Amino acid sequence: MKKPNILLIYTGGTIGMIKDSKTGALGAFDFENLIDKIPELNLLDCTIKTISFKKPIDSSNMNPDYWIKCAEIIELNYKEFDGFVVLHGSDTMSYSASALSFMLEDLAKPVVFTGSQLPIGDLRTDAKENLITSIQIASLREKGKPVIQEVSLYFEYKLYRGNRTTKINAEHFEAFTSLNYPELVESGVHLKVNNDFLYRPEKRKKLNVHRSLNTNVVIIKLFPGMSESILRSILESKNLQGVVLETYGAGNTSDDKWFIDLLKKAIKKGIQIINVTQCSGGSVLMGQYETSTQLKKIGVISGNDITTEAAITKLMYLLSLNLSKKSFKSVYQTSLRGELT
Ligand code: ASP
């Protein structure tokens, strides 16, 4: 049987850096000669090609133009390759994995995001394990079909659904978590695939790449003491079309009249407001408490158990589709790529 063909896409981030043995300074790693630098890759049962952003970026500079670039690289190479590993800085990796999950509709091949906390050239690096296992996972096949057929994220012995992840630690090797959805694969002595949790679209269609994202959106995190005038000026911003409102607990907010009135006015103007919880895990349940009943009445959309990263990228994606007001709500509350329960 033909060996799986894997494309490594290097976008930037710590993983791609190497310490100059003389000066100790971190510099960009030469991905063209990846196999020479990491001979262990020769032991993998797949062929690997690499492609790199011309100017690799720190993922703090990530933006929708780069997401489009990434999606186009995957589209252009979709036929030739069996799987894709995207090397990416960890800071915004969950946003990128979420965005790509929406942009790559009817994806039927693995796209594995990975990165590392320490550069690949560092003695104690976590980059090698993350890279090698990501490539192995992207190569997994069963009955001639890829095991993973979705955008995922591998870090520190776990593969997660990409749009379910959040970065939780800036120091630990275990930098990501997925509190509302189980791991897809656990890496120990063997790779343990949790088959029941893999994403499988009902019908196999051709990959459909969406290139348009609407960035007239904002995330507003509630806190006790939020000022009416500041909230008003945000909600009255000229081009605003969508808001992810990070609320308390199970989707609760203040029920002060001024607050509800401001939201009501924004919704009337056509702004879509999504309710997500600021808790790391759990779900929004509007109507469970009096403090969220009003939100439901005025037309706030429930994000259910979606992460903020997936909520904002889904908002950008759906706003670009120009759906009617009514269908926007029902499409947003539907799981499109397994991003909510
Ligand atoms: N600042 C870096 C980035 O996100 C951190 C990392 O690579 O993990 O690009």
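These figures come from a predicted structure and were not determined experimentally. Just follow the structure's listing: the first ligand is 1, and inside any ligand the first atom is 1.
- Considering backbone and side-chain atoms alike, H88 places every N or O at 3.5 Å or more from each N or O of ligand 1.
- Only backbone heavy atoms of S116 (N, CA, C or O) come within less than 4.0 Å of ligand 1; its side chain stays farther off.
- Residue D58 has at least one N or O atom closer than 3.5 Å to an N or O atom of ligand 1.
- Residue D91 has at least one nitrogen or oxygen atom sitting less than 3.5 Å from a nitrogen or oxygen atom of ligand 1, judged on distance alone.
- Among the atoms of S59, some N or O lies under 3.5 angstrom from an N or O of ligand 1.
- Annotation: ring pair (Phe, Tyr, Trp, His ring centres under 6.0 Å) contacts of Y154 (sequence neighbours excluded): none.
- Listed by number with element, the atoms of ligand 1 under 4.0 angstrom from any heavy atom of G13 are 7 (O), 9 (O).
- Of the protein's non-hydrogen atoms, T14 OG1, 3.0 Å is the one closest to atom 6 (C) of ligand 1.
- Under the ring pair (Phe, Tyr, Trp, His ring centres under 6.0 Å) criterion, H172 pairs with no residue at all, not counting sequence neighbours.
- The pair E150-R161 meets the salt-bridge criterion, with a side-chain N (NZ, NE, NH1 or NH2) lying under 4.0 Å from an Asp/Glu carboxylate O.
- Of all the heavy atoms in G249 and T277, the pair that sits closest is O-OG1, 2.6 Å.
- Put simply, the side chain of L107 reaches to within 4.5 Å of the side chain of Y78, judged on heavy atoms.
- Defined by atom type and a distance below 3.5 Å, a donor-acceptor pair is present between the side-chain atoms of T247 and N275.
- Between K167 and ligand 1, not a single N/O pair is under 3.5 Å apart.
- For atom 8 (O) of ligand 1, the nearest non-hydrogen atom of the protein is S90 OG, 2.4 Å.
- Under the 4.0 Å criterion applied to side-chain N and carboxylate O atoms, E236 and K265 are assigned as salt-bridge partners.
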